[in-house]
Amino acid sequence: MDQQLIQRAAQDILKSQKTIAFTGAGISVESGIPDFRSAEGLWQKYDPEEYAHIHAFYSDPDKVWLMLKDMFTLVITAKPNPAHIGLAELERMGLLSTVITQNVDGLHQAAGSKNVIEFHGSHRTLSCLKCSTTTDGTLLKIEDLPARCPRCSSLLKPDVVFFGEPIPPKAQTYSFRESRSCSAVLVIGTSAVVYPAASIPMMAKEEGATVIEINMEPTPLTGQISDYLISGSAGKIIPAIVEEVRRQR
Ligand code: NAD
Ligand code: ZN
């Protein structure tokens, strides 16, 4: 871990008028939920392009539910890691306004973050594509899956955004406003290739914000949009930044 960059990030956060975080699957890897690009795990078994497209759900919901059931099992048992906890801590300290997450695992809220925008929806609720009935997913057990609509018995779909589906309008509007009005953004554990989500750090940059990237490896943002990349695991880097912020404050 590059201690100079940790210090620089702490300074940037302390001098920023408004800081936000933009997170992706990488922040939850240390909670046991694999990202899309990891060498093993869920997405070796299920090609996201094949299973996470809305057309796949329409044409073969039973097949897609095999993947959803595995994802549910992971999400239900996962616990927030030091990166999620560190971001919640920064919010409590008054140093982080908003977390915009592409994740659907609810781990930011579980860690205590209050102001979370779920850009790609969540597993907490499920909806019926036929009659629009919505069900509470937190009450479901693995044995209840795949879940059926209590009204019309069609297969329910978790309220996560599949490829080919629009972003929930409120989440999009609010996220874009936050990214245009912040003066620093922590971009954590995202490969930044899924649009429109990936435009969030770009918007921030266009408005003059400092873009601080935290990732195991470089991304298309690195050296282009990001002011600097702190290489390594989010579960180590975020707590180190929080500690440094405390020290400098
Ligand atoms: P991605 O899988 O495309 O990229 C993950 C990024 O995180 C990579 O750049 C990787 O280098 C980095 N990374 C991996 N482990 C890390 C760690 N410990 N610390 C820091 N960085 C780490 O994920 P994405 O950009 O979020 O895009 C995939 C889409 O699929 C998103 O919509 C995402 O939310 C969704 N998805 C969600 C979950 C979840 O809810 N936990 C899991 C898988 C995929
Ligand atoms: Zn129904």
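Atom set for the values below is all heavy atoms of this structure, side chains included, hydrogens, waters and symmetry mates excluded. Just so you know, ligand 1 is whichever comes first in the structure, and atom 1 is the first atom listed for that ligand. It should be emphasised that the depicted structure is a prediction, and the values quoted were computed from it without experimental measurement.
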Practice prompt. Show your reasoning for whether side chain to side chain donor-acceptor pair (under 3.5 Å) applies to Gln248 and Gln7.
Written response: CA-CA 9 Å; Gln248 287 187 22; Gln7 284 171 11; 5.7 Å; no
Discussion item. Just to confirm my numbers, could you give the angle made at the Zn ion (ligand 2) by SG of Cys152 and SG of Cys131, rounded to 10°?
Written reply: 120°
Fill in: Where ligand 1 meets Val29 - atom numbers and elements under 4.0 angstrom, heavy-atom basis
15 (N)
Practice prompt. Starting from atom 32 (O) of ligand 1, find the nearest protein heavy-atom neighbour and note its residue, name and distance.
Written response: His120 ND1, 2.6 Å
Practice prompt. Considering the heavy atoms of Asp105, write down every atom of ligand 1 situated less than 4.0 Å from one of them.
Written response: 39 (C), 40 (O), 41 (N)
Worksheet item: Does a side-chain N-to-carboxylate-O contact under 4.0 Å join Glu89 and Arg246?
Response: yes
Discussion item. How far is atom 37 (C) of ligand 1 from the closest protein heavy atom, and which atom is that?
Written reply: Asn103 OD1, 3.9 Å
Discussion item. Walk me through whether Phe72 and His123 qualify under ring pair (Phe, Tyr, Trp, His ring centres under 6.0 Å).
Written reply: CA-CA 8 Å; Phe72 245 98; His123 273 285; 4.8 Å; yes
Worksheet item: What is the ring orientation for Phe36 with Trp43, classed by angle as parallel under 30°, tilted 30 to 60°, or perpendicular over 60°?
Response: perpendicular
Worksheet entry | Pick from Pro218, Ala234, Gly232, Ser191: the one approaching atom 4 (O) of ligand 1 most closely through a non-hydrogen atom | Ser191
Worksheet item: Can you list the atoms of ligand 1 that are under 4.0 Å from a heavy atom of Thr190?
Response: 6 (C), 7 (O), 9 (O), 24 (P), 25 (O)
Worksheet item: Quick one: which ligand 1 atoms are inside 4.0 Å of a heavy atom on Ser28?
Response: 41 (N)
Discussion item. So, regarding Val104 and ligand 1 (criterion: nitrogen or oxygen to nitrogen or oxygen, under 3.5 Å), is there a contact or not?
Written reply: yes
Practice prompt. Check whether any side-chain heavy atom of Phe22 lies under 4.5 Å from a side-chain heavy atom of Ser175, and answer yes or no.
Written response: no
Worksheet item: Does Arg249 come within less than 4.0 Å of Glu244, counting only side-chain N to carboxylate O?
Response: no
Item to complete: Report yes if the side chains of Ile33 and Met71 come closer than 4.5 Å at any heavy-atom pair, otherwise no.
Response: yes
Response to the item:
Under 4.0 Å between heavy atoms, the region of Met71 that gets near ligand 1 turns out to be side chain
Discussion item. Can you confirm whether the side chains of Asp12 and Thr210 place a donor and an acceptor under 3.5 Å from each other?
Written reply: no
Worksheet entry | From CA spacing to verdict: side chain to side chain donor-acceptor pair (under 3.5 Å), Thr23, Gln102 | CA-CA 6 Å; Thr23 68; Gln102 299 166 83; over 6 Å; no
Item to complete: Identify, for atom 42 (C) of ligand 1, the protein heavy atom at the shortest distance, and state residue, atom and that distance.
Response: Pro34 O, 3.5 Å
Discussion item. Check contact between Trp43 and ligand 1, using heavy atoms of the residue and a distance below 4.0 angstrom.
Written reply: yes
Discussion item. Taking 4.0 angstrom as the limit and counting only heavy atoms of Glu217, give me the atoms of ligand 1 inside it, by number and element.
Written reply: 11 (O)
Practice prompt. Could you tell me which atoms of ligand 1, counted from 1 in the order shown, lie closer than 4.0 angstrom to a heavy atom of Gly189?
Written response: 5 (C), 6 (C), 7 (O), 21 (N)
Worksheet item: Judged by modelled atom types alone, do Ser191 and Thr219 share a side-chain donor-acceptor pair under 3.5 Å?
Response: no
Worksheet item: Among protein heavy atoms, which sits nearest to atom 44 (C) of ligand 1, and what does the distance come to when rounded to 0.1 Å?
Response: Phe36 CE2, 3.4 Å
Worksheet item: Can we say Glu118 and Arg124 salt-bridge, meaning some charged N sits less than 4.0 Å from an Asp/Glu carboxylate O?
Response: yes
Worksheet, complete the sentence: If we number the atoms of ligand 1 from 1 as shown, the ones under 4.0 Å from a heavy atom of Gly24 are 26 (O)
Worksheet item: Quick one: nearest non-hydrogen protein atom to atom 10 (C) of ligand 1, plus distance?
Response: Asn215 OD1, 3.3 Å
Worksheet item: Taking NZ, NE, NH1 and NH2 as the nitrogens, is one of them in Lys236 or Glu30 under 4.0 Å from a carboxylate oxygen of the other?
Response: no
Worksheet item: Which protein non-hydrogen atom lies closest to atom 22 (C) of ligand 1, naming both residue and atom, and how far is it?
Response: Met216 CG, 3.4 Å
Response to the item:
Closest to atom 1 (P) of ligand 1 among protein heavy atoms sits Arg37 NE, 3.4 Å
Worksheet item: What does the angle at the Zn ion (ligand 2) come to, between atom SG of Cys149 and atom SG of Cys128, rounded to 10°?
Response: 110°
Worksheet item: Can we say Asp2 and Arg8 salt-bridge, meaning some charged N sits less than 4.0 Å from an Asp/Glu carboxylate O?
Response: no
Practice prompt. Indicate yes or no: does an N/O atom of Thr219 lie under 3.5 Å from an N/O atom of ligand 1?
Written response: no
Response to the item:
Residue, atom and distance of the protein heavy atom nearest atom 23 (O) of ligand 1 read Ala25 CB, 3.4 Å
